[in-house]
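See structure below.
What's counted below: heavy atoms across the whole structure, side chains too, no hydrogens, waters or symmetry copies. Below, chain A is the first sequence line, B the second, and so on; all start at residue 1.
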Number of protein chains: 2
Amino acid sequence: MALPPSDDTSNRQRTPGTGLRRGGLPFTPAVEDYAKALYRLEQSTHDPVATGALAARLEISAPSASNMLRNLEQLGLATVAPGRGARLTAAGRDVARGVIRRHRIIECFLTDILHIPWDCVHEEADLLEHAVSARVAEAMWEALGRPDRDPHGDPITAVDDDDPDFGVLEALDTWEAGATGVLVRVSDARPEALRYMAAQGISPGLDVSVLSTEPFGAGQRVRIGGLDHMVGPELGRLIFVQRI
Amino acid sequence: MALPPSDDTSNRQRTPGTGLRRGGLPFTPAVEDYAKALYRLEQSTHDPVATGALAARLEISAPSASNMLRNLEQLGLATVAPGRGARLTAAGRDVARGVIRRHRIIECFLTDILHIPWDCVHEEADLLEHAVSARVAEAMWEALGRPDRDPHGDPITAVDDDDPDFGVLEALDTWEAGATGVLVRVSDARPEALRYMAAQGISPGLDVSVLSTEPFGAGQRVRIGGLDHMVGPELGRLIFVQRI
DNA sequence: GAAATTGATTAGTGTAGGCTAATCACTATG
DNA sequence: CATAGTGATTAGCCTACACTAATCAATTTC
């Protein structure tokens, strides 16, 4: 005989209407996603975020965004100026930075410890970032040796710090022939671009030098980590480099 | 300047009405939880599972369970006999075993790699088991060296295998004075009991010998891993041992 | 200054997953 | 046999999020 008190009474906290689950996590995944999106949009424009911009970002309808903004306001995470867009509150920024920090730690963890290919970790991390508690995320960070960048080169900052100003970071497509530097970060915006770069052996940390700039929008011939590549302008915009 | 194509377009698959998210995962967390609960109940009684038993197990109301059972049936995961309870189909069993496998791998991972205390991992794993893809779970399993037991001693089996019959596994409280063996598994049913055992240094893998059995339900004096403990009957029922 | 375009909000729906209260269908008992 | 318990289901409701269609408000254009 075995297994009688068959385990798993699991304190499944029930946030009414949210199914089982959410065991103690403070916000719903949707709320965290909205906070993250608001943070990013606010960060790039430094202006209040228009409902439509938020909706476009999350690929949802404008009414959905409008609705959820009222929700965020009620949760104290955002303030909504009647017709003119929304801003995160300090609390909202903390939520957003927490999610972003967890996301990047998870990406590190997936590549460095689980050896999942570099170009797949973003999607997996999107799934996990809402289920990993702060405790687990911090334990991951420690286990990884407190890294300060994720595999795409994005910084892992403290929850109460803004993303650092990248300073002299430039997109590769703005560089002239002869320029040299180091590849610091690649945007994870387009998964297929990530996959291509992974296949070509292009990744953060490598030395970069622009061999030539081709006419008629053909892009650049670039040596990256000892290998030569043709980098078209679309790809060049996703690669961020720092002069040395 | 930096961070312009501000990342994270993330292919957020939208299962209508499920918020953002669920990027490709086949079943909702609720469905997985129901399958898991059905599997466990079926496994212990070998009979169809009564709606009420399922509801009690998941700490939800009977109507909710009744409702979801119809849902599971429509998904092809269970068959519901009109008034007489439900059974998992082969597909349902696969779902359940998948969740259980992921849960146990995650528990291993949390203790062995992240060094999260043994008595806390169950709750964290409950949260994560629905967000970790099969791919990530298997990568974890490989990174851990393909363990065959989780930290509580529960077996990690292939998705298409049933939990092995534990054979000669017995609850500690059934043992007489003088019996000796090894602690194979502790039930993770009661978190506070786990916490107590962790504090006392009681964990799977240790040698066990019953020194004496006390009268009037006082339990047993037991040497576990070199330390003496008074084990009351409530605790003894949660500890599973194998004679040597 | 009237009309058209644009952006945000309201109104109403749908789905997933919970709940309570009431009902139905057996069983078990006086 | 009638009556009282059980256990399951139905009916009806609630929350979180999403959607479409329609409206409102502001700006642009003629």
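- Contacts of A:T51 with the nucleic acid, taken as non-hydrogen atoms under 4.0 Å apart, involve only primed sugar atoms and P, OP1 or OP2.
- With A:V186 as the fixed residue, the side-chain contact (heavy atoms from CB on, under 4.5 Å) test singles out one of A:L194, A:L238, A:D119: A:L194.
- Closest contact between the side chain of B:N71 and the listed nucleotides D:dT9, C:dT9, C:dG17 involves C:dG17.
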What nitrogen or oxygen pairs link the protein and nucleotides 10-12 of chain C at under 3.5 Å?
unit_1 : atom_1 : unit_2 : atom_2 : d
C:dT10 : OP2    : A:R70  : NH2    : 3.4

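- With 3.5 Å as the limit, one finds a donor-acceptor pair spanning the side chains of A:H103 and A:H122.
- Distance CD (A:E32) to P (D:dC17): 11 Å, rounded to an integer number of Å.
- A side chain to side chain donor-acceptor pair (under 3.5 Å) with B:R102 is found for one member of B:E32, B:H130, B:E129 and no other, namely B:E32.
- Note on A:S64: every side-chain N or O is 4.0 Å or more away from OP1 and OP2 of D:dC17.
- For A:A30, counting side-chain heavy atoms from C-beta on, the closest listed nucleotide (C:dG17, D:dC17, D:dT9) is D:dC17.
- Neither side chain, A:E73 nor A:T79, offers a donor N or O lying under 3.5 Å from an acceptor on the other.
- For A:M68 and D:dC19, the CE to C1' distance is 15 Å, given to the nearest whole Å.
- Residues A:H152 and A:S187 fail the side-chain proximity criterion, which asks for heavy atoms closer than 4.5 Å.
- Remark: C1' of D:dA16 and CZ of A:F27 are 15 Å apart, rounded to the nearest angstrom.
- Within 4.0 Å of A:A50, counting heavy atoms only, lie sugar-phosphate atoms of the nucleic acid but no base atom.
- Side chains of A:D188 and A:E107 form a contact here, defined as non-hydrogen atoms less than 4.5 Å apart.
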Dot-bracket encoding per residue of DNA chain C, Watson-Crick/G-U cut-off under 3.5 Å, | denoting interstrand:
||||||||||||||||||||||||||||||
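- Residue B:S61 is in base contact, counting any heavy-atom pair closer than 4.0 Å across all strands shown.
- Spacing between atom CG of A:L54 and atom P of C:dT9 amounts to 11 Å, rounded to whole angstrom units.
- Of the candidate nucleotides C:dG17, C:dG18, D:dA18, C:dG18 has the atom nearest to the side chain of B:Y34.
- Considering only heavy atoms from C-beta on, A:R87 comes within 4.5 Å of A:P48 through its side chain.
- Straight-line distance from the CD atom of B:E59 to the C1' atom of C:dG17: 16 Å, rounded to whole Å.
- Counting only heavy atoms from C-beta on, B:T28 has its side chain closest to C:dA16 among C:dA16, D:dC19, D:dA16.
- Electrostatic pairing of A:D154 and A:R185 counts as a salt bridge here, judged by a charged N lying under 4.0 Å from a carboxylate O.
- With ring centers used as reference points, A:F109 lies under 6.0 Å from B:F109.
- Here the P atom of nucleotide D:dG7 and the CG atom of B:D47 are 16 Å apart, to the nearest Å.
- Cation-pi check for A:R195 over A:W118 is not met; the charged atom does not lie both under 6.0 angstrom from the ring centroid and within 45 degrees of its normal.
- Taking atom CG on B:L69 and atom P on D:dA8, their separation rounds to 10 Å, with Å as the unit.
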